[in-house]
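Following: one structure in structure tokens, then a few remarks.
Every chain is numbered from 1 and lettered A, B, ... according to where its sequence line falls, protein lines coming before strand lines.
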Amino acid sequence: MKAHGDGGFYDFQKIEAFWQARWLEEKTFATEPIDCGKKKYYVLDMFPYPSGAGLHIGHPEGYTASDILARYKWSCGYNVLHPMGWDAFGLPAEQHALLTGQAPAINTAQNIGHFREQIRRLGFAIDWEREINTTDPDYYRWTQWIFLQLFKQGLAYVDERPVWWCPELKSVLANEEVIDGRSERGNHPVERRNLRQWILRITAYADRLLENLDALDWPESTKQQQRAWIGRSEGTEIRFDIEGRVDSLAVYTTRCDTIYGVTYLVLAPEHPLLPILASAAQRGEVEDYIERARRKSDLERGGLAREKTGVFSGAQAIHPLTGKNIPIWVADYVLGSYGSGAVMAVPAHDERDFAFAQKFGLAILPVIQPVPKGDETACKLPFCDDGILFHSEAFNGLDSAQARQKITAQLEALGRGKACVQYKLRDWLFSRQRYWGEPIPIFWIQQGDYERALSLPDLYFREFLPSKAISYQEGDITWIAIPLSSKELPLQLPPVVSYQPSDQGESPLRRAEDFCEILVHLRTGEIRPQSQDIPSGEDWVFARRETHTMPQWAGSCWYHLRYLSPHDLQAPVDPGSLHYWGSPDFYIGGAEHAVLHLLYARFWQRFLFDIAAIDRPEPYPHLFHQGIILGEDGSKMSKSRGNVVNPDEVIRSHGADTLRLYEMFLGPLDAMKPWNTQGIEGCSRFLKKVWRLFIQDDGMGQDWAEEDDEALLPRLHETIRKVTEDIEQLRFNTAISQMMIFVNGATSSSLSRHSAKVFLQLLAPFAPHIAEELWSRLGETFSISKAPWPRFDPQLLVAERGRIVLMVNGKPRDELDLPLNCSREEALRAALAREKLRPYLDEKTIRRIIWVPQKLLNLVLD
RNA sequence: GCCCAGAUGGCGGAAUCGGCAGACGCGUCGGACUCAAAAUCCGAUUCUCGCAAGAGAGUGAGGGUUCGACCCCCUCUCUGGGCACCA
């Protein structure tokens with residue numbers, strides 16, 4: 001079978017369409033059953049968000065890399081799982097709905113259809129039976145189920161707190177989604193607002209997420225980004241008494257060795273004690289300052305122009321070791337959300353405190369001096385490094401590290417402090433006031449109803465009830481969060497008339513009245529809209545649905561598990577499938593998710609592991625980031641620059657095989673590299689040359705030689721070796737150049753049918769359509785991607801004689817063919833006989849001879 | 001400011017247990033085929049000097065270790081990425 005008639009030219013359009021259809025029809029790359037007895041290989045791509053714009057040129061880069069691996073592993077006899085799916089919840093579909101009034105589900109389905117078609121046209125070896133879609137209720141049933149598990153364990157809670165609010169998007173955002181005071185998506189300004197929010201207690205996992213990092217096979221820079229984001233620091237919590245009051249102030253410091261240099265304390269404007277302890281004289285000024293700080297945007301407060309501001313509170317603290325009074329100030333350079341929201345200021349040894357003290361004329365008291373190193377003696381303030389203590393009573397002369405230990409111990413003995421660990425990581429703000437997300441499967445009932453419900457022996461909603469109730473106050477009413485039971489899942493998105501969120505931060509779901517205002521039967525779990533007739537009976541209670549939805553990241557936290565048993569109705573993942581397929585052996589995607597998706601997914605995975613829902617603590621043991629492909633001008637591709645390359649057009653003009661090959665040939669997979677339109681011609685020519693190697697002008701197959709040219713066989717085996725090793729190490733660019741070398745050689749000499757066939761197999765993972773076509777024209781059985789991978793014969797690799805470089809004083813002067821096992825003496829004798837070397841050796845004595853077998857002989861003269 | 005990665009011909013990039021720098025591709029130049037063009041094929045192509053044979057220089061800059069350094073060490077410059085009042 002072949003794609004088209006007997007035409008002699010390389011008709012990639014026909015060929016590619018033909019084989020794509022065949023792979024799809026025959027389900028060529030569907031996985032084999034988990035009891036097939038083969039070893040497994042799981043290749044995972046970061047699944048795309050199906051945007052309206054379609055695939056961009058970066059998608060085929062990562063997908064081709066994983067596809068090469070998948071096809072290679074099939075050939076090596078593995079049972080390969082290479083799935084694809086859609087991360088389809090999110091803002092753009094909702095914005096499209098706002099513009100057109102069309103339901104996001106419809107637009108999303110269209111976009112998915114387009115993406116699927118584009119991905120198929122690239123010829124990837126995907127198991128389409130396992131396609132998943134995060135917006136499918138059969139998928140998000142389990143996203144909601146995992147949320148309820150978190151809720152049950154007390155890891156999902158509600159709080160009214162200052163959160164990032166984006167007026168443009170009319171939505172709250174997580175810390176991870178805010179960059180320099182603007183939204184990660186859309187680059188709109190954001191501000192602080194107090195809103196009731198669902199929050200996931202990711203901070204409870206800070207240590208677990210940090211510890212596991214070391215063992216992961218990940219790019220080091222990504223691990224470091226996660227480490228920095230988690231931001232563990234070890235220090236001391238110190239309690240300062242307040243003059244004339246019974247309560248005290250806790251501060252956190254990593255530099256308790258500088259405690260004798262403390263000259264004032266600083267509270268964040270948000271500090272709860274601040275309004276209470278401000279003196280009568282200072283109160284007005286303090287309240288004014290708090291108000292101003294509250295109104296400042298984060299950019300003003302934390303941005304580049306950060307002139308220190310602050311006011312004196314009028315209160316005094318008492319130094320825990322010297323007993324001296326020190327003034328308490330308020331300043332917005334101290335963050336309310338880190339540590340205890342209060343710091344001890346040591347202006348002599350901290351740049352920020354130094355700047356503040358200078359501006360407000362506060363005392364600067366040095367207590368650390370540099371370790372003397374001879375020449376330099378003077379010390380410029382602030383001196384922020386470790387050093388030797390002075391003016392520090394019993395601790396004088398200690399170095400900083402020792403002093404930290406001893407001072408912490410001393411404070412502990414006095415009951416004034418203790419060693420403590422802090423993290424920069426904040427809890428994950430999880431709710432969104434949007435339509436197009438997973439509904440949070442919770443409803444709220446009043447406290448009285450809740451207490452009555454608890455006394456029921458057969459409360460329907462007990463399954464995910466946490467030991468400590470989640471509540472919030474609305475006027476006089478206390479609402480308690482009740483989880484749906486797993487039988488109520490999925491909680492589907494209701495239809496709404498308008499997708500517009502309100503300016504007050506209410507979800508569009510709020511308008512779906514029959515969805516929101518409900519009656520719930522606590523024994524049977526039955527739920528009715530309140531608008532229907534009100535049933536009688538004690539166990540019916542009024543309830544309100546939660547109207548917030550989950551953020552886009554939720555669905556991608558566990559999709560790698562769903563691929564293993566995408567149609568399972570009993571659990572998010574079938575245990576047998578999980579046991580067989582385990583974790584992805586290769587996970588590839590962009591580096592932009594270093595602290596978003598990749599951190600959230602690790603959190604969920606670890607949580608599911610801790611509740612024994614799954615058997616492994618890390619989702620992605622092996623991670624790789626493909627580099628960005630830049631525009632032809634070397635800058636980032638963007639519509640405004642007009643340097644965007646459209647993959648559809650390249651497929652039309654050059655074919656999918658050429659596009660795949662070119663993206664892999666561009667450079668190292670993880671490097672950032674510019675697109676070059678002329679460069680793609682080179683790959684196109686290469687494939688045409690391959691075609692001509694197999695097919696004569698009249699369309700007939702080539703007349704193969706009985707045997708290869710003598711020089712060709714070692715080259716073929718060298719190519720097998722190089723391509724195999726390069727694929728294993730993801731060095732696709734050099735694998736391709738080796739195949740080019742082989743074809744260049746084969747074109748000008750006689751090639752056997754057998755060697756031609758082996759070469760095709762090497763090419764197949766890179767350019768599968770042309771390989772499949774030529775394979776079938778050779779009369780071989782479908783599919784080339786399942787034919788056993790060729791092995792090289794080491795005997796055939798090495799030539800019998802090796803080329804030795806002759807050097808004089810390290811400079812190459814001549815070269816020489818010598819037997820491989822040639823000794824140092826033989827090499828030297830041969831070298832001295834060379835005419836060419838004579839002028840360099842004249843009149844000189846050879847002082848030293850460097851002999852590297854099979855490589856070089858270096859003669860060192862005086 | 002701090003942390004990480006990187007810098008090789010006209011261009012993308014090869015080559016690292018320290019052993020012929022510039023594989024492969026693009027571009028350019030020359031040639032073959034052609035009435036001509038496209039396509040294809042062959043040859044040249046790091047720079048400087050030289051008719052040539054050849055000589056010298058050369059992997060961001062400067063120093064060091066070594067028989068020998070793109071590779072290891074020190075200092076610096078630049079580029080990309082991340083963090084950024086986290087005490």
With C1' as the reference atom in both, quote the distance from A55(B) to C2(B) in angstrom, rounded to an integer.
-> 49 Å

Quick one: Phe732(A) CZ to A14(B) C1', roughly how many Å, whole number?
-> 17 Å

Compute the centroid of each ring, for Phe624(A) and then for Trp218(A), and state whether the two points are separated by less than 6.0 Å.
-> no

What's the CD-P distance between Gln678(A) and G25(B), to the nearest Å?
-> 16 Å

Using the P atom on both, measure C51(B) against C41(B) and round to a whole Å.
-> 36 Å

Short N-O contact, Lys359(A) and Glu307(A), less than 4.0 angstrom = yes

Using purine N1 to pyrimidine N3 plus N6-O4 or O6-N4 for Watson-Crick, or N1-O2 and O6-N3 for G-U wobble, each under 3.5 Å, what pairs with A57(B)?
-> U46(B)

Contact class for Arg232(A) vs. all strands (heavy atom < 4.0 Å): base, sugar-phosphate, or nothing?
-> nothing

Parallel, tilted or perpendicular: which fits the ring planes of His597(A) and His593(A), with parallel below 30° and perpendicular above 60°?
-> perpendicular

Return the 5'-most residue of the pair Cys683(A), Glu220(A) with respect to RNA chain B, ranking by each residue's nearest nucleotide.
-> Glu220(A)

Below 4.5 Å, heavy atoms only, C-beta onward: do Met672(A) and Leu630(A) meet side chain to side chain?
-> yes

Against the side chain of Thr254(A), the closest entry in A55(B), A87(B), C24(B) is A87(B)

Please name all residues satisfying salt bridge (Lys or Arg N to Asp or Glu O under 4.0 Å) with Asp214(A), sequence neighbours left out, ordered by chain then number.
-> Arg227(A)

Shortest side-chain distance from Lys424(A), nucleotide among C83(B), A14(B), C67(B) = C83(B)

What interatomic distance, in whole Å, is found between P of C17(B) and the corresponding atom of U28(B)?
-> 36 Å

Quickly work out the Leu630(A) CG to G6(B) P distance and round it to whole Å.
-> 17 Å

Nearest whole angstrom, please: distance from the P of U66(B) to the CZ of Arg847(A).
-> 12 Å

Spatial distance of atom CH2 (Trp691(A)) from atom CZ (Phe12(A)) [nearest 0.5 Å] = 12.0 Å

Determine the Euclidean distance between corresponding C1' atoms of C73(B) and C24(B); express it in Å to zero decimal places.
-> 33 Å

Taking only side-chain nitrogens and oxygens of Tyr338(A), does any of them come within less than 4.0 Å of OP1 or OP2 of A87(B)?
-> yes

Would you check if Phe694(A) and Gln702(A) make a side-chain contact, meaning some heavy-atom pair closer than 4.5 Å?
-> no

Under 4.0 Å between a side-chain N or O of Asn733(A) and OP1 or OP2 of G12(B)?
-> no

Quick one: Asp633(A) CG to G12(B) P, roughly how many Å, whole number?
-> 13 Å

Give a yes/no answer on whether the side chain of Ser221(A) brings an N or O atom under 4.0 Å of OP1 or OP2 in C3(B).
-> no

Honestly, is Lys308(A) close enough over Tyr333(A), meaning NZ or CZ under 6.0 Å from the six-membered ring centre and within 45° of the axis?
-> yes

If we call it a pair only when both distances are under 3.5 Å in a Watson-Crick or G-U wobble match, what pairs with C51(B)?
-> none

From the options A87(B), C24(B), A55(B), select the nucleotide whose nearest atom is closest to the side chain of Ile741(A).
-> C24(B)

Value in whole Å for how far the P atom of G13(B) lies from CG of Asp670(A) = 11 Å

Nearest whole angstrom, please: distance from the C1' of C83(B) to the CD of Gln224(A).
-> 12 Å

How long is the span from the CG atom in Leu730(A) to the CG atom in Asp670(A), to the nearest 0.5 Å?
-> 8.5 Å

Side chain of Phe665(A) - closest among G56(B), A15(B), G25(B) = G25(B)

Should U16(B) form a Watson-Crick or G-U wobble pair with both distances under 3.5 Å, which nucleotide is its partner?
-> none

Any side-chain heavy atom of Glu351(A) within less than 4.5 Å of one from Asp353(A)?
-> no

Restricting both atoms to N or O, compile the protein contacts to nucleotides 37-48 of chain B shorter than 3.5 Å, with distance only.
from, atom 1, to, atom 2, distance (Å)
U40(B), O3', Arg692(A), NH2, 3.2
C41(B), OP1, Arg692(A), NH2, 3.3

If pairing requires Watson-Crick or G-U wobble contacts with both distances under 3.5 Å, which nucleotide is the partner of G25(B)?
-> C11(B)

Separation of the P atoms in A69(B) and U59(B), to the nearest angstrom | 11 Å

Nearest-0.5 Å distance, CZ of residue Arg813(A) to CG of residue Leu859(A) | 12.0 Å

Roughly how far apart, to the nearest Å, are U45(B) and A39(B) at atom C1'?
-> 23 Å

NE2 of His625(A) versus P of G6(B): gap in Å, rounded?
-> 15 Å

Answer for the Watson-Crick or wobble partner of C41(B), both distances under 3.5 Å, is G31(B)

Is Arg848(A) near enough to C67(B) that one of its side-chain N or O atoms lies under 4.0 angstrom from OP1 or OP2?
-> yes

Any strand is fair game: report the nucleotide pairing with U66(B) by Watson-Crick or G-U wobble, both distances under 3.5 Å, or none.
-> none

Nearest-angstrom distance, P atom, C26(B) to U48(B) | 24 Å

So what's C78(B) paired with, Watson-Crick or G-U wobble, going by both distances under 3.5 Å?
-> G6(B)

Classify the glycosidic conformation of G6(B) as syn or anti, calling it syn when the angle lies within 90° of 0.
-> anti

Quantified in whole Å, what is the C1' atom distance between nucleotide G27(B) and nucleotide C20(B)?
-> 26 Å

Is there side-chain contact between Phe665(A) and Phe766(A), with at least one heavy-atom pair below 4.5 Å?
-> no

All N/O contacts under 3.5 Å from nucleotides 16-19 of chain B to the protein, with atom names and distances to one decimal?
from, atom 1, to, atom 2, distance (Å)
G19(B), N2, Asn858(A), ND2, 3.4

Closer than 4.0 Å, any side-chain N/O of Lys811(A) to the OP1 or OP2 of A57(B)?
-> yes

Is G1(B) paired to anything, Watson-Crick or G-U wobble with both distances less than 3.5 Å, and if yes, which nucleotide?
-> C83(B)

Which sits closer to the 5' end of RNA chain B, Thr253(A) or Glu681(A), going by the nucleotide each is nearest to?
-> Glu681(A)

Return the nearest nucleotide to the side chain of Tyr252(A); candidates are A87(B), C24(B), A14(B).
-> A87(B)

Test item: Phe360(A) and Pro327(A) side chains (from C-beta on) under 4.5 Å apart, heavy atoms | no

Select one nucleotide: of C24(B), A55(B), A14(B), the one nearest the side-chain heavy atoms of Pro668(A).
-> A14(B)

